[in-house]
Amino acid sequence: MDFSKLYRPSALNSYQFIAVTGLLMSGAAHLILHYFVHRMPEGFSWLYLCWAALYVVGSLLNLFGKPNSGHHHH
């Protein structure tokens with residue numbers, strides 16, 4: 001099992017990439033809302049749980065899914 005599929009950017013699948021991007025953008029929004037707007041929308045922290053769940057699903061697919069056999073165009 002290749003655990004580098006969990007942390008190496010070039011080995012991430014689309015679900016993992018979207019989750020990491022969402023986590024970073026949510027973190028940036030959190031900092032902006034906290035330090036500049038001084039207000040946090042109710043339920044905002046649930047985003048982190050959603051991104052983490054998407055990352056876990058993507059990781060399971062990446063680790064245990066069938067390898068891509070490539071596309072054959074004729």
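Count residues from 1 along the sequence.
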Please tabulate, for the side chains in residues 15-31, all donor-acceptor contacts under 3.5 angstrom to protein atoms that are two or more places apart in sequence or on a different chain.
unit_1, atom_1, unit_2, atom_2, d
Gln16, OE1, Asn13, N, 3.0
Gln16, OE1, Asn62, ND2, 2.8
Gln16, NE2, Lys5, O, 3.1
Gln16, NE2, Ser59, OG, 3.0
Thr21, OG1, Phe17, O, 2.8
Ser26, OG, Gly22, O, 2.8
Ser26, OG, Trp51, NE1, 2.9
His30, ND1, Tyr48, OH, 3.0

Going only through I, L, V, M, F, W and Y residues with side-chain contacts under 4.5 Å, is there a path from [X] to [Y]?
| X | Y | result |
| --- | --- | --- |
| Leu60 | Leu54 | no |
| Leu61 | Leu6 | no |
| Val57 | Leu12 | no |
| Phe44 | Tyr35 | no |

Query - Ser4: side-chain contact (heavy atoms from CB on, under 4.5 Å) partners, not counting sequence neighbours - result: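 By the side-chain contact (heavy atoms from CB on, under 4.5 Å) rule, Ser4 matches Asp2, Tyr7, Arg8.
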
